[in-house]
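Before any comments, here is the structure.
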Amino acid sequence: CCVVYLAKGEVSPHWGMLLLCVPLVLQVGLLGLGCGIIVSSLTTRYRDLIGRCDPSASQLWMYGSPVVYPLSMITHPVLRAVMVINPMTAPMESFRYIFFGTGQVTGVMWASSLIWTVALLALGLSLFSKVEKTFVDTV
């Protein structure tokens with residue numbers, strides 16, 4: 001078991017499972033880096049992107065990811081399929097499993113998450129390499 005339940009409802013994660021948090025944090029960091037590079041590259045061309053779209057998109061993505069609710073609450077098949085391909089679902093459910101012993105993680109979720117992470121990071125680096133030559137002109 002990954003979690004040890006103590007008296008009075010306290011939960012203590014298993015220390016061996018906590019070692020899995022390192023690659024999880026690395027994957028989430030690379031996903032954030034890719035998204036951040038994309039937004040910063042687009043902001044040099046479209047100035048209003050950061051002020052108007054970025055906060056709304058971040059909030060929408062947070063509510064579209066199982067951060068404040070577990071994936072098990074989603075029963076509609078279409079919404080569940082969207083959640084499975086969301087790149088943040090696998091890490092959030094993995095953290096939930098490590099710390100609380102209740103997450104639902106599948107290989108499809110992880111494959112989707114890793115594919116999205118690599119694709120967004122590659123797109124971000126590609127956009128940045130094209131836009132960096134004109135940073136001085138637009139900033």
Side-chain angles (χ1 to χ4, degrees):
C1 185
C2 67
V3 176
V4 178
Y5 294 96
L6 304 174
K8 300 179 184 174
E10 296 177 10
V11 177
S12 175
H14 188 273
W15 292 106
M17 292 298 282
L18 285 178
L19 293 176
L20 290 176
C21 288
V22 174
L24 287 174
V25 169
L26 180 65
Q27 193 261 337
V28 171
L30 289 174
L31 180 63
L33 178 67
C35 292
I37 291 173
I38 290 170
V39 170
S40 66
S41 297
L42 292 175
T43 302
T44 60
R45 175 112 175 146
Y46 307 104
R47 296 279 179 172
D48 291 338
L49 180 70
I50 195 75
R52 298 185 186 206
C53 295
D54 190 38
S56 301
S58 297
Q59 285 181 346
L60 183 63
W61 194 5
M62 189 194 81
Y63 288 119
S65 301
V67 175
V68 295
Y69 56 87
L71 183 62
S72 60
M73 287 181 64
I74 308 297
T75 57
H76 193 275
V78 174
L79 292 177
R80 187 146 177 108
V82 169
M83 293 297 286
V84 166
I85 63 170
N86 183 343
M88 282 303 295
T89 299
M92 293 311 300
E93 286 294 304
S94 296
F95 282 124
R96 188 170 280 116
Y97 181 76
I98 290 170
F99 289 105
F100 304 117
T102 61
Q104 299 177 350
V105 185
T106 64
V108 173
M109 286 182 200
W110 270 110
S112 171
S113 182
L114 293 174
I115 289 169
W116 273 108
T117 300
V118 169
L120 289 173
L121 189 59
L123 177 66
L125 291 173
S126 173
L127 277 173
F128 184 80
S129 67
K130 289 179 183 178
V131 175
E132 76 175 323
K133 297 173 185 91
T134 61
F135 271 173
V136 176
D137 297 337
T138 58
V139 176

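Below, all heavy atoms of this structure are taken into account, side chains as well, without hydrogens, waters or symmetry copies. Note that this is a predicted model, so its numbers are computed, not measured.
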Tightest non-hydrogen contact, residues Ser41 and Val131, listed as O-CG1, 3.8 Å

Quick check: does any side chain N or O of Ser40 sit under 3.5 Å from a backbone N or O of Ile37, one acting as donor and the other as acceptor? yes

Exercise. If only atom types and distance count, is the side chain of Ser126 paired as donor or acceptor with the main-chain N or O of Ala122 below 3.5 Å?
Worked result: no

d(Leu42 CG, Leu127 CG) to nearest 0.5 Å is 5.5 Å

Within one Ile-Leu-Val-Met-Phe-Trp-Tyr cluster: Val28 and Val118, side-chain cutoff 4.5 Å:
no

Is the backbone N or O of Pro91 less than 3.5 Å from a side-chain atom of Gln27, with the two atoms forming a donor-acceptor pair by type?
-> no

In this structure, CD1 of Ile74 is separated from CE of Met83 (nearest 0.5 Å) by 5.0 Å

When every non-hydrogen atom of Thr43 is compared with those of Val39, the smallest separation belongs to OG1-O, 2.5 Å

Taken to the nearest 0.5 Å, the spacing of Leu33 CG from Leu125 CG works out to 7.0 Å

Quick check: does any side chain N or O of Ser112 sit under 3.5 Å from a backbone N or O of Val108, one acting as donor and the other as acceptor?
-> no

In this structure, CG of Leu31 is separated from OG1 of Thr117 (nearest 0.5 Å) by 4.5 Å

What one should report as the nearest heavy-atom pair of Ser113 and Pro87 is OG-O, 2.7 Å

In terms of hydrophobic clustering (I, L, V, M, F, W, Y; side-chain heavy atoms under 4.5 Å; direct or indirect links), are Met88 and Val68 co-clustered? yes

Closest non-hydrogen atoms of Arg96 and Leu71, given as atom of the first, atom of the second and distance, are NH1-N, 4.4 Å

message = If only side-chain N and O atoms count, and only distance matters, is there a donor-acceptor pair under 3.5 Å linking Ser72 with Gln104?
response = no

Any link between Met92 and Ile115 through a network of hydrophobic side chains (Ile, Leu, Val, Met, Phe, Trp, Tyr) touching at under 4.5 Å? no

Rounding to 0.5 Å, atoms CD (Glu93) and OG1 (Thr102) come to a distance of 7.5 Å

To the nearest 0.5 Å, atom CG of Asn86 lies from atom CH2 of Trp116 at 9.5 Å

| message | Any non-hydrogen side-chain atom of Phe95 less than 4.5 Å from a side-chain atom of Val25? | response | yes

ILVMFWY network linking Val82 to Met73, side-chain heavy atoms under 4.5 angstrom: no

**More than 12 heavy atoms of other groups within 6.0 Å of Trp110 CH2** = yes

